[in-house]
Amino acid sequence: MTERVAHNQWSSRLVFMLASIGSAVGLGNIWKFPYITGEYGGGAFVLVYLVCIALIGIPVMMAEILLGRCARANPVVAFRSLVESKSRVWGGVGLMGVFAGFVILSFYSVVAGWALAYVVDALSGAFDGLDGKRSGALFSSLTGSPQRLLFWHTAFMLLTVAVVARGVRSGLERLVTLLMPLLFVLLALLVGYAMVAGEFARGFHYLFDIDFPRVFLQCSDDGACTFTAKPLLVAMGHAFFTLSLGMGAIMVYGSYMPRGASIAGSTVVIVIADTLVALMAGLAIFPLVFANGLEPGSGPGLVFVSLPIAFGAMPGGQLAGVLFFLLLVFAAWSSSISLMEPGVAWLSGNGGLSRVRATLILGGAAWLLGIGAALSFNLWSGEDYQFFGRTWFDLEDFLASNVLLPLGGLFTALFVGWVARRRSSENELAMRDSRLFGLWHFVIRYVAPAGIVLVFLNAIEVV
Ligand code: TRP
């Protein structure tokens, strides 16, 4: 008997791609990308993020898909089964991924809960005639209430558990085929609105004008400036986060991928879709931020404060608001499912648990951890509840996004580049152009690992 378990498959390559886009596109694009771009000062940060996507994200995504499909197994087993020694060490990388997904899920569910709460607010007409100040107050009244946050966090976790317990395939296919394209259209409309009603040129320049000193120099009041590598680390971490890389989510999805479907082609489509959504969210949000006198660096509330002002002012804004936050919930849902899937596939495949029980255990534990994330905005926001100088929420995000995911990506690249046989990668990728394969192999062997290590070394003082 091998360790591999019987594996179901997506019904087509299209479904694999839609599911992966569903995993990649989520709160990372619409909530996190704009707010960290604002925190780190715009253009140059966006550029570094895009470079990380191209040089590290694309090759690592191909590596994850190919590992998953080659092994037809969950990440813990995939690593183990592809090394001849059956070494348990590489299984540890899969386990680290399961842990990272679990940590991310716990705070992800809290933020998705904000979106759920905003669906109800939008329905009740709470956005009508909001200005910047009142919109800020609306958001603070939500995050200031532990009861409301816990209620919506619980509701979202239940949604996630309900789909994962049934098996990803049946629930997910329908969800993503219809709703992802709809979200895209609505975002495009919002960009259009920002062109008319916001300070579009200013928002555009903020996102795309490259000003390295503004992002990478930290200046004190007396004018002395020092270089900081923190934006570098955060941009790289976000490249992993937004593409769902570094913890085995895409690997598990790849393991359900039909043979013969092109890995490189699918990767390019997924990455382009994900990047487009993030840039569109930025283009919709920053013009409104500037037009309404909001602070770009105001933190995690940025999207939830800026967009409701637009919905409150535009014709048909109530419907648009409801629809937007509803679609955001769906986007978050199709992502949170993939955060859980590697752990559940492992616990139920090799841990001997039933799928339902594995889902309940993992979801319950993530729910518990998420309570700390919810309280970080109210009861635990003070100094007494700081861990390494961060709130629980920030600590979870930092640890998972900026440490565990890049580490997972580093090991994936090293594994595929140095441990797995070149021949198996070549067969699995089946690229028509052998020079292109050579380029990918070079990048996965040298460029991606060196890039990740360099960023880590530069950013050591940040931790
Ligand atoms: N990529 C998703 C987003 O941008 C979040 C996500 C889903 C994720 N699965 C993941 C992040 C796996 C890291 C790893 O919202």
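We count ligands from 1, going down the list as the structure has it; atoms in each ligand are counted the same way.
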### Message
Between Glu341 and Arg355, is the salt bridge (charged side-chain N to carboxylate O under 4.0 Å, His left out) condition met? List the steps.
### Response
CA-CA 10 Å; Glu341 183 61 18; Arg355 190 169 178 95; 2.7 Å; yes
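When only non-hydrogen protein atoms are considered, atom 14 (C) of ligand 1 lies nearest to Met247 CG, 3.1 Å. Annotation: atom 6 (C) of ligand 1 to nearest protein heavy atom, Ser244 OG, 3.5 Å. For atom 11 (C) of ligand 1, the nearest protein heavy atom (residue, atom name, distance) is Phe241 O, 3.1 Å.
Heavy-atom separations between Ser23 and ligand 1 include at least one value shorter than 4.0 Å. Ligand 1 lies within reach of Tyr108, whose nearest heavy atom is under 4.0 Å from it.
Numbered from 1 in the order shown, with element, the atoms of ligand 1 that lie under 4.0 Å from a heavy atom of Leu27 read 15 (O). Listed by number with element, the atoms of ligand 1 under 4.0 angstrom from any heavy atom of Ser338 are 7 (C), 9 (N). Using a 4.0 Å cut-off to heavy atoms of Ile104, the atoms of ligand 1 that qualify are 13 (C).
Using modelled atom types, one side-chain atom of Asn458 and one backbone atom of Leu454 make a donor-acceptor pair closer than 3.5 Å. No donor-acceptor distance shorter than 3.5 angstrom exists from the side chain of Trp367 to the backbone of His153, with no hydrogens or angles considered. Remark: the backbone N or O of Ser255 is paired with a side-chain donor or acceptor of Arg72 at under 3.5 angstrom. A donor-acceptor pair under 3.5 Å is absent between the side-chain atoms of Arg214 and the main chain of Gly42, judged by distance alone. Judged by distance alone, the side chain of Ser336 and the main-chain N or O of Thr160 form no donor-acceptor pair under 3.5 Å.
Counting heavy atoms only, Ala24 comes closest to atom 4 (O) of ligand 1 of the residues Ala332, Ala24, Gly97.
For ligand 1, the polar-atom distance check against Leu405 finds no nitrogen or oxygen pair separated by under 3.5 Å. Remark: ligand 1 and Ala249 share no N or O pair separated by less than 3.5 Å (distance only, no angle test). Backbone and side-chain nitrogen or oxygen atoms of Leu245 are examined, and none is located within less than 3.5 angstrom of a nitrogen or oxygen of ligand 1.
Of the heavy atoms in Asp274, none comes closer than 4.0 Å to ligand 1.
Between the CD1 atom of Ile210 and the CZ atom of Phe45 there is a distance of 13.5 Å, given to the nearest 0.5 Å. Annotation: the span from Thr275 atom OG1 to Phe33 atom CZ amounts to 9.0 Å, rounded to 0.5 Å.
Checked by atom type, the side-chain pair Ser23/Ser244 shows a donor-acceptor distance below 3.5 Å.
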